[in-house]
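Per chain, numbering begins at 1; letters A, B, ... match sequence-line order.
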2 protein chains.
Amino acid sequence: MPVKNLNCDLQMCQEIGQTCAMFNLRKATRALTQVYEEIMKPSGILPNQFTLLVVIRAMGPVAITRMAEVLVMDRTTLTRNLKPLERDGLVTVKPSRHDKRSREVNLTKKGLKHLVQAVPLWREAQQKIRASLGGNRLDRMIADLTAVVGSAAMI
Amino acid sequence: MPVKNLNCDLQMCQEIGQTCAMFNLRKATRALTQVYEEIMKPSGILPNQFTLLVVIRAMGPVAITRMAEVLVMDRTTLTRNLKPLERDGLVTVKPSRHDKRSREVNLTKKGLKHLVQAVPLWREAQQKIRASLGGNRLDRMIADLTAVVGSAAMI
DNA sequence: GCATGTATAGTGTATATACACCTAATAACT
DNA sequence: AGTTATTAGGTGTATATACACTATACATGC
């Protein structure tokens, strides 16, 4: 029997689906994003936007490229993800004085206000996942995810 | 000092970034998708498209909604993700005979051929991550991700 | 058989993601 | 100072994602 026919049979495809790191990561991300989005909906801030606000708050005035590095996000993706936040007046993006190429991302008062209001809802979502998964397991998984980011950067 | 000012200080935001399940999941997904995409590039198939082909192969002719359930993906997202594959002749989507509402997704010969060619590249990417993370840790993380999907479905 | 309810799917719109390519400003070299 | 290399950033295009809404076909009850 030729090996070629075995290169991609049904059983193999089932196994690929069960073992593929990327597929399972994407799947879990879709599922979890829905949970946060549903719970955080009253804040008017989407989960991904929430993380941007948190990072800006944590890093203070920060350049696009530097912020993108921390987010492990393509620079151009970040530029576009900031657009809705700029439009809604939650953040400002203005040229740096020292380096005219660079642009500084800042949290506005309105942005901070919305962030403060969103945090309790984030806590609620986070707590529900934590209670459902178990604290140890969640902490372990986040450590593993951090390791994945480190590994991916080296490959 | 009013508690309100402490609702979202710098330290808190740093902690949120480090502990948020969704943020760390999204970050790891971005990082890992890049790895698979880079390695699988010669196949001409994007990582997410690869997973669709694998699932179609594993499920045989399958309806949109059923396939979306397995992928933990919104039905309308799947419809749109199938478009490029249809356009390139890798899959067909045609009405079912038994139920005129339902539409069956099928893998074409061309689709199978491309899938067979992509599998070795997927294996290469998967193996690199596995070697870097360690097999036990990878298996454990995938089990945790599966648990996340289960938990999210119940919340 | 018909009215109503339910199931299946697509579209409009908005956000999320990244590559290829381009522009402009700074840095480095001579 | 002038030339070149590097760095910071945006745009065009394409895929990925999901909600609200709509259209159609099947199922159920009478």
The side chain of [X] lies closest to which of these nucleotides: [options]?
X: A:Met73; options: D:dC19, C:dT17, D:dA16; result: C:dT17
X: A:Leu46; options: D:dT15, D:dC19, C:dA16; result: C:dA16
X: A:Gln49; options: C:dA18, C:dA16, C:dA9; result: C:dA16

Sub-4.0 Å heavy-atom contacts from residues 61-70 of chain A onto DNA chain D, ordered by number: A:Ala63, A:Ile64, A:Thr65

Contact class for [X] (heavy atom, under 4.0 Å): base, sugar-phosphate, or nothing?
X: B:Arg30; value: sugar-phosphate
X: A:Thr79; value: sugar-phosphate
X: A:Asn48; value: sugar-phosphate
X: B:Arg75; value: base

Salt bridge flag under 4.0 Å for residues B:Arg57 and A:Asp9: no

Salt bridge check, A:Lys110 against A:Asp88: does any charged N sit closer than 4.0 Å to a carboxylate O? no

Is the phosphate of [N] approached by [X] (side-chain N or O, under 4.0 Å from OP1 or OP2)?
X: B:Asn81; N: D:dT15; result: no
X: B:Thr76; N: D:dA18; result: no
X: A:Arg26; N: D:dT17; result: yes
X: B:Gln34; N: C:dC19; result: yes

Candidate pair A:Ile56 and A:Leu115, rule side-chain contact (heavy atoms from CB on, under 4.5 Å), full reasoning: CA-CA 11 Å; A:Ile56 296 169; A:Leu115 175 57; over 6 Å; no

More than 12 heavy atoms of other groups within 6.0 Å of A:Glu124 CD: yes

Heavy-atom neighbours of B:Arg87 CZ exceed 12 at 6.0 Å: yes

Whole-Å gap separating [atom2] ([N]) and [atom1] ([X]):
X: A:Arg87; N: C:dA14; atom1: CZ; atom2: C1'; answer: 8 Å
X: B:Glu86; N: C:dG10; atom1: CD; atom2: C1'; answer: 12 Å
X: A:Glu37; N: D:dA16; atom1: CD; atom2: C1'; answer: 14 Å
X: B:Tyr36; N: C:dT17; atom1: OH; atom2: C1'; answer: 18 Å
X: B:Lys83; N: C:dA9; atom1: NZ; atom2: P; answer: 13 Å
X: A:Met22; N: C:dT17; atom1: CE; atom2: C1'; answer: 14 Å
X: A:Leu52; N: C:dT17; atom1: CG; atom2: C1'; answer: 12 Å
X: B:Leu32; N: D:dA16; atom1: CG; atom2: P; answer: 16 Å

Considering all heavy atoms of both residues, which atom of B:Val91 and which atom of B:Leu82 are nearest to each other, and what is their separation? CG2-O, 4.3 Å

What's touching nucleotides 24-26 of chain D from the protein side, N or O pairs under 3.5 Å?
residue : atom : partner  : partner atom : Å
D:dC26  : OP1  : B:Lys100 : N            : 2.9

Where do B:Thr29 and A:Thr29 land on the side chain to side chain donor-acceptor pair (under 3.5 Å) test, with the steps shown first? CA-CA 8 Å; B:Thr29 298; A:Thr29 298; 2.9 Å; yes

So, does [X] use its side chain to make a donor-acceptor pair with the main chain of [Y] at under 3.5 Å?
X: B:Gln126; Y: A:Thr19; answer: yes
X: B:Arg75; Y: B:Thr65; answer: no
X: A:Thr77; Y: A:Met73; answer: no

Close side-chain approach of B:Asn48 to B:Thr51, heavy-atom, < 4.5 Å: yes

Quick check on DNA chain C: between B:Ser102 and B:Lys41, whose nearest nucleotide comes earlier from the 5' end? B:Ser102

Taking for B:Val93 and for A:Arg80 the nucleotide of DNA chain C with the nearest heavy atom, the one nearer the 5' end belongs to B:Val93

